[in-house]
Each structure stands twice: as C-alpha cells, then as structure tokens.
Amino acid sequence: MQKIKVFNTLTGKKETFVPLQGNKVSIYTCGPTVYDSSHLGHARMAIVWDVVQRYLRFAGYDVTFVRNITDVDDKIINKANALGVRPEQVARRYIFEFWRDMAALNVAPPDVEPRATEFLSQMIQFIEGLIAKGHAYAVDGDVYFDEASFENYGRLARKQLDELRSGAREQVLSQDELAKRKRHPADFALWKGVAEGQTGWQSPWGLGRPGWHIECSTMIKAALGETIDIHAGGEDLIFPHHENEIAQSEALHDKPLARYWLHNSFVNVNKEKMAKSLGNFKTIAEMLAVYSGDTIRLMMLQTHYRKPIDFSADALDSARQALTRLVRAAAFSIRPVSTAFAPYEFDAAEAAKFADDEVLAAFHDSFVTAMNNDFNAAEAVAHLFALSDKVMASEDVIRRAAWSDALREYAGLLGLTLADTRQELDAQTASRVMDAVVAIRQDARGRKDFALSDQIRDKLALAGVNVNDTKGGATWEKK
RNA sequence: GGCGGCAUAGCCAAGUGGUAAGGCAAGGGUCUGCAAAACCUUCACCCCCAGUUCAAAUCUGGGUGCCGCCUCCA
C-alpha cells in the first residue's frame, strides 16, 4: 500500500493518509447546484477530485466516491419562475449538461450520485434529531442551528464565533425579520418555511425547504455513514458550508464527520476568482468547442491543486502544444484508447509487466513519489514528458511500444486519454482542405493542364467527393 | 478589521535545508529539395532587508506586492 500524504485543511498540515477501515476509502465531494451551465472553475474541481479518486484506486484502495447533485435551491426556483417552467425542468436540463461536460473532460462518474430531492425525509429526520438534542430550534416555520450549543464551531475555518458576530450583524440589520427569529446572528437555517403555493415540502414545521448545508450532511450519512475518510471541495466552501456540515453532523452523531478535509484552489481570470457573480467565467462547453478535454485537463494538472490557476488562452494553447508531444509518443502504443464514460479502473495486471523494465520501474517510482506527495500531478506530468522523450528517442521497437503503453496507462491514471485525433478533421477544416484542393485544380485548368485537373477530379471522386465546374467556378459536394 | 494563502527564467510552473523538475516561447545544430516532426544543444544566483545554520528558493523576523474567505460561490 502506498504511503500517501495529504494536506488536511482541518489541521493545516500534510498528514499520512490512513483510512478508517482497512483499505476502504469513502470520499464525498460537493457537486453542482444545477441552475446554470458549469464553468472552468467547476471543471477544475471535478478534474482534481477525479484524479484523486483514480489515484487512490491505483494505490490499491477500495474507493467509494460520492458526488451529490443539489437540485433544491433558491437559484433553481428563481430561474424556473423566470422561465415559467417547473424547477425540476431547470434541474434536469443542467444535470444533463453537467454530465455531458464531465464526459467530455473524461471525468469518471461517481459511484453514487445522490440528489437532494431524494432525501427530504432523511433531512427532516436529521433536523428532528438536532432539535431533540438541543442543537436546533424552530421559529415560525423555520429551523435554525444553535451555534452556541456546538463548542467546536469554527474549527475548520479557524474562526471564532464572536469574530463572526460583527460581520453577521450587518447582514442581520438589513433583515429585521431574521434578526428577531435567530438566537445568534450567525445561526444558520436548517429548514426555511415557505408560503402556501411556493415550492416546498411538508414537514413538522409546515411547508418549507431544506437549508443548503443539511443536504450534504444527510446524504453523506445515507451514502457513506457517520464518519467518512475524505471530504473534498472548493476552498470557498470551507466557510460556511463545510463548517456548517461539521456542526450539524458532529452535533448529532458526536463523532467526526470526516477525517481528512481537502480543498482545491480556484481558476482565476486576471488574478480574480472566476465566478458567476463576477461575470468573468468561461463555460466548459464554450472551451470544449475550441480545446479538447485532454488539453483542458493537462492545463489544469500542470498546476498543483492547492494553487490558483490564472486562466488564459495562452495557458490553453501552451497545453495543447504540450499535449501533442504526449500524443505522438502514445501513438506507439498498441493498447486501445479508452474514452468510455465509466468508473476508472487501473489495469494492475498490465502494469505489473512494467516492473521488469528498468526504465519503467524508475518511471513508476518517480511518478508514484510525486503523486504520494499530496497528489502532485504537476510533477507527475513532468515524468510523463520524460517518458515520452524516451519513447521518441528509442530505436528499439519492442521497448518503445512497452514504454508507450506505460505512458498511456499512467496518463490514464491522471484522466488523460492521449487519444490521437491528429488526423480527425472537423467539418470546418475539411472544408478548408477542399477549398485548397479546388483552388489548385483551378490553377491547373488556368494553365490548360487538363491532365492534372482531371486527375484531381477523378481522385476526389474516388474519395467520395464530386467536383462540378460551373460558370461561377468549381463547387464540390459529398456524393 | 479578523483569518488563511501566494511571490521561482520572456510566459506558465514543480520543488520545505545541501547549491534550481517540467511545459510553452526563443536561439544554435543534425536530418531535409523546402517545411514540419524527430533528435542533440543553449537559456534563472528563486520579490526586498535582516537573522538561524557548515549549508536556505526552502527555517525565523520585518517590509513590499497580490489573492482568497468572513455573504451565494467549485
């Protein structure tokens, strides 16, 4: 078993990863709120935890990876109201879009993908449990978590409850109604009452909707249990989202929610966080129209996951260029390219063969050493380039193929397909190529070189394209 | 204001005590009708100041600049 070090936000240190039970590893990450298209920031999050999940399986762990879908949310409801459709329709549309984006980025689907709407009764039970233990209180159809009743509040984000007070009070002043209801300004909603006719569910406190944080606590419990190994997400979720999850779950269960808290940094634009609210985002679909999933992934992985990435076309162009070199080297592999949208599995039997080759044994060691150090994919990628150099420089056909196989296998561990698309023409390129051929033929005709122009037309016909000479010039069409 | 983080070549970036991975770009060379690819090759005293140490990009203190969280947010 590999000795993997991970940076734990809870302690602020790198720690040796030890699962709770043997080699079983439970991971939960907060998935998308499906009210709009996903942008590159979401792509980074998905890619980072996809790689972690893949690497842990590679390292021999029996991983259960859970990523939820938040399909109950004010933003979804607002959008549905604006469009005059039902909230489920908004959610469904963006769930499909999210899945499509993930597939294009070769992000393996999670083992379990719970949706908030499937867990309403469990959430209500969870809240009832908190009230019974004196950690929550109901007021006029709302239920709030009583932060003063949970002494560890603020431990993850390193915040003191009294420090929060000043900031929170300003919020509350503008919301008099809330101020009257809450015991402490920083208390957060577990359940929010809504008026008849609005989107909501029946509960002991009347019609209402769950608060944002309770769904994750509830789904973690349902899918993985009361204590999980790894809880991961974007660093902006540390506070208040993850802090509140801890408060809810630990207040109810009296045991740690997660042993390791891992957080990824952002994608920035001009050194500012890419965010919906700032309007500086690029959607995944927009970028996929220009760059391949592999290119986007390589760009993301060349920076360590806890460091911000400044987004730029330059960075993507650079990654595309670099990727081409890996693809060329991987093309010597005789192994099939797998781009199936399926849970990742490392081919251990195949990899065992690599150990007989000293070049590959050394490569394996350096790759694993890099990844064991808090998933340093940037360094691991550097080793891929070193291996691809060896492939390209080798004249031993047998070894070259073996090295290329390994390149593809380990790249796959990082989620890179290295699919060779160098000779796949998109419609636009094909059209330009035809224009070029037709122009050359026109030149030949201009010189009355009919032997050449007829040869071009015949060969194109064999290739499935008819050229038609008209008064306005030559046109072409597929047969 | 409180808390946390970052500062490495033209650009991006890894590296937590022993004298700087990798990618992009650029220059030289081999090959080549030309070009591309490939191969060989060149390119950094690590923001500033002080300190600890035989030894610091790496540790400590101070400074400067930038970012994130404290409100929805990956």
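A note on names: the letters A, B, ... follow the listed sequences, proteins ahead of strands, and every chain is numbered from 1. Since this is a predicted model, take the numbers as computed values, not measurements.
A gap of 12 Å separates the P atoms of A56(B) and U52(B), to the nearest Å. A distance of about 15 Å separates the P atoms of G23(B) and A14(B), rounded to the whole Å. The same atom, P, is picked in A9(B) and in C47(B); the two are 8 Å apart, to the nearest Å. Separating the P atom of U16(B) from that of C66(B) is a span of 27 Å, rounded to the nearest Å. Comparing the same atom, C1', in G17(B) and in C54(B) gives a spacing of 12 Å after rounding to whole Å. Rounded to whole Å, the separation between the C1' atoms of A20(B) and C45(B) comes to 10 Å. Annotation: G51(B) and C12(B) have their C1' atoms spaced 33 Å apart (nearest Å). Separation of the C1' atoms belonging to U19(B) and C24(B) is 27 Å when rounded to the nearest angstrom.
Listed by residue number, His39(A), Gly41(A), His42(A), Met45(A) are the residues of residues 34-46 of chain A with a heavy-atom contact under 4.0 Å to RNA chain B. Looking at residues 318-325 of chain A, you'll see Ser318(A), Gln321(A), Ala322(A), Arg325(A) sit with a heavy atom under 4.0 Å from some atom of RNA chain B. Residues of residues 292-307 of chain A having a heavy atom closer than 4.0 Å to RNA chain B, listed by number: Gln302(A), Thr303(A), His304(A), Lys307(A).
Legend: residues meeting side-chain hydrogen bond (donor to acceptor under 3.5 Å, both in side chains) with Lys390(A), ordered by chain and number and at least two apart, are absent. Applying the side-chain hydrogen bond (donor to acceptor under 3.5 Å, both in side chains) criterion to Asp426(A), with sequence neighbours excluded, gives Thr429(A). Residues passing the side-chain hydrogen bond (donor to acceptor under 3.5 Å, both in side chains) test with Arg325(A) are Asp389(A), sequence neighbours excluded. By the side-chain hydrogen bond (donor to acceptor under 3.5 Å, both in side chains) test, Thr117(A) pairs with Asp71(A), sequence neighbours left out.
Nucleotide G51(B) forms a Watson-Crick or G-U wobble pair with C59(B), both donor-acceptor distances falling under 3.5 Å. Across all strands shown, G65(B) forms a Watson-Crick or G-U wobble pair, both distances under 3.5 Å, with C6(B). The base-pairing partner of U16(B), taking Watson-Crick or G-U wobble contacts with both distances under 3.5 Å, does not exist among the strands shown. In this structure, A38(B) and U30(B) make a Watson-Crick or G-U wobble pair, each of the two defining distances being under 3.5 angstrom. Taking a pair to require two hydrogen-bonding distances under 3.5 Å in either a Watson-Crick or a G-U wobble arrangement, G1(B) pairs with C70(B). Nucleotide A25(B) forms no Watson-Crick or G-U wobble pair with any nucleotide shown, as no partner meets the under 3.5 Å limit on both distances.
Checked options Val63(A), Asn372(A), Leu414(A); the residue passing with Tyr55(A) is Asn372(A) (criterion: side-chain contact (heavy atoms from CB on, under 4.5 Å)). Tested against His213(A), the residues Phe188(A), Phe239(A), Phe145(A) include a single ring pair (Phe, Tyr, Trp, His ring centres under 6.0 Å) partner, Phe188(A).
Comment: Lys75(A) does not engage Asp36(A) in a salt bridge, judged by the lack of any side-chain N to carboxylate O separation of less than 4.0 angstrom. Using a 4.0 Å cut-off between charged nitrogen and carboxylate oxygen, Arg86(A) and Glu88(A) count as a salt-bridge pair.
Among the atoms of the strands shown, only primed sugar atoms or phosphate atoms (P, OP1, OP2) are found under 4.0 Å from some heavy atom of Asn376(A). Among the protein residues, Val267(A) comes within range of the nucleic acid bases, having at least one heavy atom under 4.0 Å from a base atom. Counting any heavy atom pair closer than 4.0 Å across all strands shown, Ala315(A) reaches no nucleic acid atom. Residue contacts shown for Ser312(A) are absent, as no nucleic acid heavy atom lies under 4.0 Å away.
Listed by first then second residue, pairs satisfying salt bridge (Lys or Arg N to Asp or Glu O under 4.0 Å) with a partner in residues 309-319 of chain A read Asp317(A)-Arg320(A), not counting sequence neighbours. Within the structure, the salt bridge (Lys or Arg N to Asp or Glu O under 4.0 Å) test picks out no pair touching residues 239-249 of chain A (sequence neighbours left out). Counting only residues at least two apart or in different chains, salt bridge (Lys or Arg N to Asp or Glu O under 4.0 Å) contacts with residues 283-306 of chain A comprise Asp50(A)-Arg297(A), Arg306(A)-Asp374(A). Contacts classified as ring pair (Phe, Tyr, Trp, His ring centres under 6.0 Å) and involving residues 294-326 of chain A (residues at least two apart or in different chains) are given here: Trp49(A)-Tyr305(A).
Ser394(A) and Trp403(A) share no donor-acceptor pair across their side chains, judged by distance under 3.5 Å alone. Side-chain polar atoms of Gln89(A) and Arg93(A) form no donor-acceptor pair below 3.5 angstrom.
Toward the 5′ end of RNA chain B lies the nearest nucleotide of Gly12(A), the other residue of the pair Gly12(A) and Arg328(A) mapping further downstream. If Asp314(A) and Leu278(A) are placed on RNA chain B by their nearest nucleotide, the residue sitting closer to the 5' end is Asp314(A).
Residue Leu156(A) contributes atom CG, which lies 13 Å from atom P of C70(B) at whole-angstrom precision. Atom pair Glu379(A):CD and G23(B):P shows a separation of 13 Å (rounding to whole Å applied). Rounded to an integer number of Å, the gap from CG of Asn244(A) to C1' of C69(B) is 14 Å. Atom-to-atom, CD1 of Ile238(A) to P of G4(B) comes out at 12 Å; the value is rounded to the nearest Å. Atom NE2 of His383(A) and atom P of G23(B) are 12 Å apart (whole Å). Atom CZ of Phe385(A) is separated from atom P of C12(B) by 18 Å (rounded to the nearest Å). Put simply, NZ on Lys75(A) is 12 Å from C1' on A74(B), counting in whole angstrom units. Atoms CG (Asp74(A)) and P (U71(B)) sit 17 Å apart, rounded to a whole Å.
Listed here is the closest heavy atom pair of Ile76(A) and Pro87(A): CG2-O, 3.7 Å.
Looking at Thr9(A), its side chain does come within 3.5 Å of a backbone N or O of Trp261(A) through a donor-acceptor pair.
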Would you tabulate the pairs of protein nitrogen or oxygen atoms and nucleotide nitrogen or oxygen atoms of nucleotides 63-67 of chain B closer than 3.5 angstrom?
residue	atom	partner	partner atom	Å
C67(B)	O3'	Lys271(A)	O	3.4

